[in-house]
Amino acid sequence: MIKSYEHANYTKPATLHKFSGLRLSNSICKYVRPEQVSTTNIKVNVSFESGCDCSRMIDFLEKKQQIEETHIFQTDFLVFSLCTNDVANLGADIAFQQCQHFIQRVRQLFPRVKAIGWLALLPRWKPSRLFRSSDIDENNQKFNRLLQMLSKQMNFQIIDAHLQHQHMHQDGLHPSIQSGRILIEKALFNWFTTQSQRFSLDNKDNQQHHPQQQRPQQTQQLPRPQPQRQQQYHHQQQQQLPRPQQQRQQQQHQLKQHHQQRPQYNSYQYQQKQQ
């Protein structure tokens, strides 16, 4: 069963992370501390299972999907540390095919993932049931070369912590706590930091290229002038006010009525009146 590892002294930072990261692995990264690989913008969770290979990891993820634990599939950045057991039990060539199928299925399960990283296999001299101690490290190196080719074909990135024999535990399989773990944590932290910077810059570029999206429909909130209504209003005012010509006509009509109402005298009557 895959376990989640949280350091006992780890306290969540007060800052709000913009992105989320997830590291899924076998026991190689069992003691890698999540607070040492998280960045300012990426909160990284870690899960591991001893003896895990690609097939078992796919089964784990598909079961998560069936029980509708969808939060795990909303991860922005994924890092895998797998195929140590695939190479030891199947060989480099078959492990390469397993890895290819695994990446294809991961992209289906994580449709919104922004980037995928894969930790290169570490030096090893612990024998397996298929390889002797002198042969197994050569198979790990062969797989790393195949993995490098596959990363270019399927668009994921190799994370190389550059561990040497002196950075490994005496069991010949796991990294040492004192040095090997530190190198892995630094490599993972640098990878997550690069992704954070990359996608933060992409967001800034998108905002600069589309500045109108920052203020949606601001101009629509402003009142627009309505010239047609203003013209109608002035026209109505002009109709209500009497025009000068109409005033003159009214005055002439009133004067005409006044003359008609006055008594009219002919010339004869006027002369008699004077006499």
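We count residues from 1, following the sequence as given.
Residue pairs that meet the side-chain hydrogen bond (donor to acceptor under 3.5 Å, both in side chains) test with at least one member in residues 140-149, sequence neighbours left out, are D93-K142, D137-Q141.
For Q166, the CD atom sits in a packed shell: over 12 heavy atoms of surrounding residues, nucleotides or ligands are nearer than 6.0 Å. With a 6.0 Å radius and a threshold of 12 heavy atoms from other residues, nucleotides or ligands, R112 has its CZ atom above the threshold.
Summarising the geometry, atom CD belonging to Q74 is positioned 9.5 Å from atom CZ belonging to F110; distances are rounded to the nearest 0.5 Å. For the atom pair OG of S196 and CH2 of W191, the computed distance is 11.0 Å after rounding to the nearest 0.5 Å. Taken from CG in N190 to CD in E185, the straight-line distance is 11.5 Å, to the nearest 0.5 Å. To the nearest 0.5 Å, atom CD1 of residue I103 and atom NE2 of residue H101 are 11.0 Å apart. In this structure, T84 OG1 and L173 CG are separated by 7.0 Å, a value rounded to the nearest 0.5 Å. Going from atom NE2 of H71 over to atom OG of S20 covers 10.0 Å, rounded to the nearest 0.5 Å.
The heavy-atom pair separating A120 from I158 by the smallest distance is CB-CG2, 4.0 Å. Between S50 and R56, the shortest heavy-atom distance links the atoms O-NH2, 4.0 Å. Across all their heavy atoms, I184 and C29 have their closest contact at CG2-SG, 4.2 Å. Nearest heavy-atom pair across N26 and C83 is ND2-N, 4.3 Å. The shortest non-hydrogen separation linking G51 to N85 is C-ND2, 3.3 Å. Shortest non-hydrogen contact noted between I136 and P127 is CD1-C, 4.4 Å.
V32 has its side chain within reach of V37: a pair of non-hydrogen atoms, C-beta onward, lies under 4.5 Å apart. Proximity of W125 to M168: side-chain heavy atoms (C-beta onward) are separated by under 4.5 Å at one or more points. Contact annotation: the side chain of P175 approaches that of I28 to within less than 4.5 Å [non-hydrogen atoms, C-beta and beyond]. Using a 4.5 Å cut-off on side-chain heavy atoms (C-beta onward), F102 and I58 make contact. Annotation: side chain of I159 is in contact with side chain of L188 (closest heavy-atom distance under 4.5 Å). N89 places none of its side-chain heavy atoms less than 4.5 Å from the side chain of D53. Two residues are said to be in side-chain contact when any heavy atoms from C-beta on lie closer than 4.5 Å; F156 and L150 meet this criterion. Taking 4.5 Å as the limit, some side-chain heavy atom of F189 sits within range of a side-chain heavy atom of T39.
Residues I116 and F96 fall within the same hydrophobic cluster, defined by Ile, Leu, Val, Met, Phe, Trp and Tyr side chains chained together at heavy-atom separations under 4.5 Å. Both F143 and M154 sit in one connected hydrophobic cluster of ILVMFWY residues. Membership requires side-chain heavy atoms under 4.5 Å apart, directly or through other members. The hydrophobic clustering, which links ILVMFWY residues whose side-chain heavy atoms are closer than 4.5 Å, places F131 and L147 apart. Hydrophobic cluster membership is shared by F60 and L109, with clusters built from Ile, Leu, Val, Met, Phe, Trp and Tyr side chains linked at under 4.5 angstrom.
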List the steps and the verdict of side-chain contact (heavy atoms from CB on, under 4.5 Å) for F48 and L24.
-> CA-CA 6 Å; F48 70 90; L24 300 172; over 6 Å; no
Verify side-chain contact (heavy atoms from CB on, under 4.5 Å) between L78 and R107, making sure each step is shown before the conclusion.
-> CA-CA 10 Å; L78 280 171; R107 292 204 177 276; over 6 Å; no
Start with the C-alpha gap between K64 and F73, add the side-chain angles, then the distance that decides, and say whether side-chain contact (heavy atoms from CB on, under 4.5 Å) holds.
-> CA-CA 9 Å; K64 286 286 186 182; F73 300 109; 4.1 Å; yes
Going through the checks in order, is the salt bridge (Lys or Arg N to Asp or Glu O under 4.0 Å) test met by D135 and R132?
-> CA-CA 5 Å; D135 298 331; R132 296 177 300 178; 3.3 Å; yes
Start with the C-alpha distance between R33 and I182, add both sets of side-chain angles, then the distance that settles side-chain contact (heavy atoms from CB on, under 4.5 Å), and finish with yes or no.
-> CA-CA 9 Å; R33 297 161 292 184; I182 303 301; 3.5 Å; yes
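Side-chain polar atoms of Q195 and Q157 form a donor-acceptor pair below 3.5 angstrom. Between the side chains of S55 and Q98, at least one donor N or O sits under 3.5 Å from an acceptor N or O. Checked by atom type, the side-chain pair R198/S200 shows no donor-acceptor distance below 3.5 Å.
With sequence neighbours left out, R129 forms a salt bridge (Lys or Arg N to Asp or Glu O under 4.0 Å) with no residue at all. Listed by chain and residue number, H167, S176 satisfy the side-chain contact (heavy atoms from CB on, under 4.5 Å) test with S179 (two or more places apart in sequence, or in another chain).
Between the side chain of S128 and the backbone N or O of L130 there is at least one donor-acceptor pair closer than 3.5 Å. Remark: side-chain polar atoms of D59 are not paired, donor with acceptor, to backbone N or O of E62 under 3.5 angstrom. With S133 contributing its side chain and K126 its backbone, the two residues share no donor-acceptor pair below 3.5 Å. Although no hydrogens or angles enter the test, the distance criterion places no donor-acceptor pair under 3.5 Å between the side chain of D76 and the main chain of K114.
When the options D160, V79, L82 are evaluated for a side chain to side chain contact (heavy atoms under 4.5 Å, CB included) with W118, the one that passes is L82.
For F19 and F192, the ring centers are positioned 6.0 Å apart or more.
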